[in-house]
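So the structure is just underneath, and the comments pick up after that.
Throughout, residue positions are numbered sequentially from 1 according to the sequence presented.
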Amino acid sequence: MSPLLILFAAMAQAPTPPPDPAAASSPAAVEAEADEDEDEDEGPWTGSAGLGASMFTGNARSFTITGDAMAEYESPVWALTLEADGAYGNAAAEDEEEREVTALTLGGWARGDYRFTRLVSAYTFLGLETDHPASLELRTEVELGIGLTFLERKKKKTEKELFLRMYLGGSYAKDRRFQYTPTREDLPNVTLWSPAVGVAFRYDINEHVYLREDALLLPDIFGDTRVLVDSTTKLSVHLTDRFALTTYFELQHDSAPAAGKVKTDTSLSVGGELEI
């Protein structure tokens, strides 16, 4: 047998050296393995549910309760967001025997995105909303367009720490209006055809605090002059991995509201949120 064949035979029969315990237990290896296990545990679905309340007694007697829920699905190609929120509040009237409804809103929205590239996506948006103090019996919304992702940095597969996306599309909305107070009566319905410009932004200030902003502009350029603006700013402070204290500031502007209603509504609410 040639010396070269004898060398190959010896190498094949040589035992495999055992793994280095120091390398296996190094901080970098342990951290990489933990991150991998955590990413495997994180499914494509994430969600949260929140609740807030305020109550006043004495000279002013009123209370307000707010709630919201969100579920998100994300894959390399598809993304789906489902949202719902609502509020109810009342206050003692001047005669102190009856109570006046100060807040009665409920809405649900769904957005689906299909990513062509990391930068460009197409989206569909559907929404339903009611707001009795604003004389809005039901608003139906449909929107189609493209999304442009300018910034996206993740600390996990499904958790963003820096995110900026802009939406450009076309929108159709129909408002069925009804006056609930002081007298109940039908109001003329309003239809809105408009371009849509939206922004979604999230920034993790640190490990426990993040800021999120969602804004939408709908200027009606096809019919009567009317502009809708919707903005939601959320500041979340995590006390644990699953529970956070949240602060919401919402602004809604309608340049042509129902008769007798103001153009701009704002609300500030504080509550708790549980991640599911």
Side-chain angles (χ1 to χ4, degrees), residues 38 41-56 60 62-74 79-91 101-111 113 125 127-134 151-167 198-217 229-253 264-276:
E38 190 172 10
D41 293 339
E42 291 281 354
W45 284 97
T46 58
S48 62
L51 187 66
S54 62
M55 179 176 293
F56 300 90
S62 66
F63 79 91
T64 303
I65 184 170
T66 60
D68 65 90
M70 181 175 66
E72 292 181 299
Y73 171 88
E74 186 167 351
L80 176 64
T81 302
L82 304 174
E83 293 185 79
D85 66 33
Y88 175 77
N90 64 38
V101 175
T102 57
L104 182 54
T105 66
L106 182 63
W109 302 270
R111 178 188 295 274
D113 290 79
F125 174 83
L128 296 173
E129 183 179 1
T130 182
D131 187 343
H132 286 197
L151 294 172
E152 185 173 22
R153 188 174 68 208
K154 299 182 180 181
K155 55 186 177 183
K156 298 177 186 176
K157 288 183 179 179
T158 58
E159 199 169 319
K160 304 177 181 67
E161 64 176 348
L162 181 60
F163 179 72
L164 176 61
R165 180 177 293 172
M166 185 175 183
Y167 298 99
V199 173
F201 172 75
R202 169 171 172 153
Y203 174 62
D204 283 24
I205 300 173
N206 58 42
E207 184 180 5
H208 303 288
V209 182
Y210 76 84
L211 177 70
R212 178 167 178 166
E213 170 66 29
D214 293 281
L216 178 65
L217 172 66
V229 178
D230 195 331
S231 171
T232 302
T233 305
K234 174 185 176 182
L235 181 65
S236 180
V237 180
H238 278 265
L239 302 182
T240 68
D241 291 339
R242 296 294 183 183
F243 181 75
L245 294 179
T246 58
T247 302
Y248 283 90
F249 178 75
E250 295 184 83
L251 182 147
Q252 293 180 317
H253 175 80
T264 304
D265 291 324
T266 62
S267 65
L268 179 65
S269 60
V270 178
E273 184 176 84
L274 181 65
E275 292 188 1
I276 303 172

Interatomic spacing from [atom1] in [X] to [atom2] in [Y] - rounded to 0.5 Å:
X: Tyr248; Y: Ser269; atom1: OH; atom2: OG; value: 7.5 Å
X: Thr232; Y: Leu216; atom1: OG1; atom2: CG; value: 10.0 Å
X: Thr81; Y: Arg111; atom1: OG1; atom2: CZ; value: 7.5 Å
X: Met166; Y: Phe201; atom1: CE; atom2: CZ; value: 15.0 Å
X: Arg202; Y: Lys234; atom1: CZ; atom2: NZ; value: 8.0 Å
X: Tyr88; Y: Thr66; atom1: OH; atom2: OG1; value: 14.5 Å

In chain order, what residues pass the ring pair (Phe, Tyr, Trp, His ring centres under 6.0 Å) check against [X], with sequence neighbours excluded?
X: His238; value: none
X: Tyr73; value: Trp45
X: Tyr167; value: Tyr123

Hey, does the side chain of Ser62 reach the backbone of Phe56 with a donor-acceptor pair shorter than 3.5 angstrom? no

Residue list, side-chain hydrogen bond (donor to acceptor under 3.5 Å, both in side chains) with [X], at least two apart or on another chain:
X: Glu129; value: Gln252
X: His253; value: Thr264
X: Thr233; value: Glu213

[X]: partners by salt bridge (charged side-chain N to carboxylate O under 4.0 Å, His left out), with sequence neighbours left out:
X: Glu250; result: none
X: Asp85; result: none
X: Asp214; result: Arg212

Where is the tightest heavy-atom contact between Ala103 and Pro133, given as atom of each residue plus distance? CA-CG, 4.0 Å

Results of side chain to side chain contact (heavy atoms under 4.5 Å, CB included) for [X] - residues two or more places apart only:
X: Val209; value: Ile205, Asn206, Leu235, Val237
X: Leu245; value: Leu239, Phe243
X: Leu106; value: Thr130

I want to check something: taking the side chain as every heavy atom from C-beta on, are Glu273 and Asp68 in contact at a cut-off of under 4.5 Å? yes

Asn90 versus Phe63: any side-chain heavy-atom pair under 4.5 Å? yes

